[in-house]
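Presented below is the structure to which this report refers.
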Amino acid sequence: MAPSKPSHQEDELIKAVLANDETGVAALIGLNVSTSFTSDLGLSPVVIAAENGFAGCLKLLLNAGADPNKELLNGNYPLRAAIMSGDGECCRLLLEHGASLNHCSARGTPLMAAAAAGDCETLALLLDAGADIEAEAKDGLTALAAAVRENQKEAVRLLLRRGASPTRPNKDGMCPVDLAQDKVLPEVYSLLMQASITHAADEALRSSEVRQAAAREEVEATAAKAAEEAREQLQVSREQTELKIGAIRGESEELLKRLGISRKK
């Protein structure tokens with residue numbers, strides 16, 4: 001659905017945000033002007049403030065109830081706009097007001113935007129807040145793949161340290177290592193291959209530990225079962241012995257009785 005044409009006051013709000021006019025923004029908000037609309041040019045006050053690093057205007061808009069996740073027709077949205085502007089304060093403001101860490105438009109997730117921009121500070125901020133490091137966009141792109149594609153070596157290092165898989169294939173069967181090889185990025189390829197070797201070794205170790213733990217559990221279970229069977233056999237043996245002793249006593253008493261012999265007490 002095409003965005004509705006903004007009212008005169010909404011148009012004034014767009015102009016005030018573009019001018020980074022906090023006083024004008026505050027005045028228009030005071031007149032109850034909507035803060036979450038999209039203009040006929042595909043603009044929104046929040047995205048404008050975020051993409052230009054206008055933290056003061058952005059804070060006013062968010063405090064007035066602006067939607068921190070409103071996506072434009074071109075796939076842009078506030079948190080991505082803030083990341084692309086490189087303004088950490090705008091990113092923090094949006095996160096504080098409920099911006100989705102894993103919002104995924106046609107332009108990808110916030111983590112992918114930070115990875116592509118090589119913004120390691122924002123990458124760490126998003127990951128610490130709980131962003132999904134292996135989230136895939138519709139085109140199969142992941143944050144690590146985005147960093148590889150843009151040859152952002154430090155972002156690649158950070159994502160690998162934080163657990164991104166260098167060999168996990170996307171829906172098209174391509175993994176970050178393949179992408180680095182296809183784009184002829186020797187440094188990034190070397191980083192990914194080293195991480196792949198380490199990852200494979202870790203997986204082998206974990207698999208070995210799992211097998212050893214399973215073997216220990218099997219031995220312990222077998223030993224416990226054997227001990228229980230031994231206890232049961234011992235109990236049966238005791239019961240059988242008591243029955244035999246009782247039978248012998250009964251026969252002895254009967255024999256003594258026949259012989260007229262009384263048992264001395």
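These figures come from a predicted structure and were not determined experimentally.
- In the hydrophobic clustering of this structure, Leu79 does not group with Met84; members are Ile, Leu, Val, Met, Phe, Trp, Tyr whose side-chain heavy atoms approach within less than 4.5 Å, directly or through other members.
- Within the structure, the ring-ring contact (aromatic ring centres under 6.0 Å, His included) test picks out no pair touching residues 147-177 (sequence neighbours left out).
- Sequence neighbours left out, not one pair with a member in residues 108-129 passes ring-ring contact (aromatic ring centres under 6.0 Å, His included).
- Judged as a side chain to side chain contact (heavy atoms under 4.5 Å, CB included), and not counting sequence neighbours, the contacts of Glu121 are Arg92, Asp119.
- Leu141 and Ile83 fall into different hydrophobic clusters, where Ile, Leu, Val, Met, Phe, Trp and Tyr are joined by side-chain heavy atoms under 4.5 Å apart, directly or via other members.
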Hey, can you pull the donor-acceptor pairs under 3.5 Å for the side chains in residues 173-184, sequence neighbours left out?
{"residue": "Asp178", "atom": "OD2", "partner": "Cys175", "partner atom": "N", "Å": "3.2"}

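- Here the closest non-hydrogen pair linking Thr35 and Gly65 is OG1-C, 3.9 Å.
- Heavy atoms of other residues, nucleotides or ligands lying less than 6.0 angstrom from NZ of Lys171 number more than 12.
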N/O donor to acceptor pairs below 3.5 angstrom from side-chain atoms of residues 124-132, sequence neighbours left out:
{"residue": "Asp128", "atom": "OD1", "partner": "Arg162", "partner atom": "NH2", "Å": "2.6"}
{"residue": "Asp132", "atom": "OD1", "partner": "Glu134", "partner atom": "N", "Å": "3.1"}

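- By the side chain to side chain contact (heavy atoms under 4.5 Å, CB included) test, Leu243 pairs with no residue at all, sequence neighbours left out.
- A search for side chain to side chain donor-acceptor pair (under 3.5 Å) contacts involving Asp67 returns nothing, not counting sequence neighbours.
- Under the ring-ring contact (aromatic ring centres under 6.0 Å, His included) criterion, no residue pair touches residues 139-191, with sequence neighbours excluded.
- Each of Val47, Leu72, Leu73 was evaluated against Thr38; a single residue qualifies, Leu72, per the side chain to side chain contact (heavy atoms under 4.5 Å, CB included) test.
- A continuous path of Ile, Leu, Val, Met, Phe, Trp and Tyr side chains, each step under 4.5 Å between heavy atoms, connects Leu123 with Leu191, placing both in one hydrophobic cluster.
- Neither Val148 nor Met112 shares a network with the other; the hydrophobic side chains, linked directly or stepwise wherever heavy atoms of I, L, V, M, F, W or Y lie under 4.5 Å apart, form separate groups for each.
- Not one N or O on the side chain of Thr109 forms a donor-acceptor pair closer than 3.5 Å with the backbone of Asn102.
- The list of ring-ring contact (aromatic ring centres under 6.0 Å, His included) pairs with a residue in residues 72-97, not counting sequence neighbours, reads Tyr77-His103.
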task: Using the side-chain contact (heavy atoms from CB on, under 4.5 Å) rule, take Leu58 and Leu94 through it: C-alpha gap first, then chi angles, then the decisive distance, then the call.
output: CA-CA 8 Å; Leu58 181 61; Leu94 286 161; 4.0 Å; yes

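- Of all heavy-atom pairs spanning Thr167 and Ser196, the tightest one is CG2-OG, 3.4 Å.
- Contact between Ala155 and Cys120 at its shortest, heavy atoms only, is N-SG, 3.7 Å.
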Result block: side-chain N/O donor-acceptor pairs under 3.5 angstrom for residues 12-29, not counting sequence neighbours:
{"residue": "Asp21", "atom": "OD1", "partner": "Thr23", "partner atom": "N", "Å": "3.3"}
{"residue": "Asp21", "atom": "OD1", "partner": "Gly24", "partner atom": "N", "Å": "2.9"}

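- Under a 3.5 Å cut-off, the side chain of Asp87 and the backbone N or O of Ala82 do not form any donor-acceptor pair.
- Between Gly140 and Asn170, the shortest heavy-atom contact is O-CB, 3.2 Å.
- For Glu96, the salt bridge (Lys or Arg N to Asp or Glu O under 4.0 Å) criterion is met by no residue, not counting sequence neighbours.
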task: In sequence, state the C-alpha distance, the side-chain angles, and the governing distance for Gln194 and Leu160, and then conclude on side-chain contact (heavy atoms from CB on, under 4.5 Å).
output: CA-CA 10 Å; Gln194 290 173 27; Leu160 290 172; over 6 Å; no

- prompt: So Ser34 and Glu10, side-chain contact (heavy atoms from CB on, under 4.5 Å) or not? Walk me through it.
  reply: CA-CA 7 Å; Ser34 171; Glu10 289 174 348; 3.6 Å; yes

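- Cluster membership for Leu93 and Val46, using ILVMFWY side-chain heavy atoms within less than 4.5 angstrom, is shared.
- Across Leu144 and Ser165, no two heavy atoms sit closer than the pair CD2-O, 3.5 Å.
- The side chain to side chain donor-acceptor pair (under 3.5 Å) search around Glu239 returns Gln235, not counting sequence neighbours.
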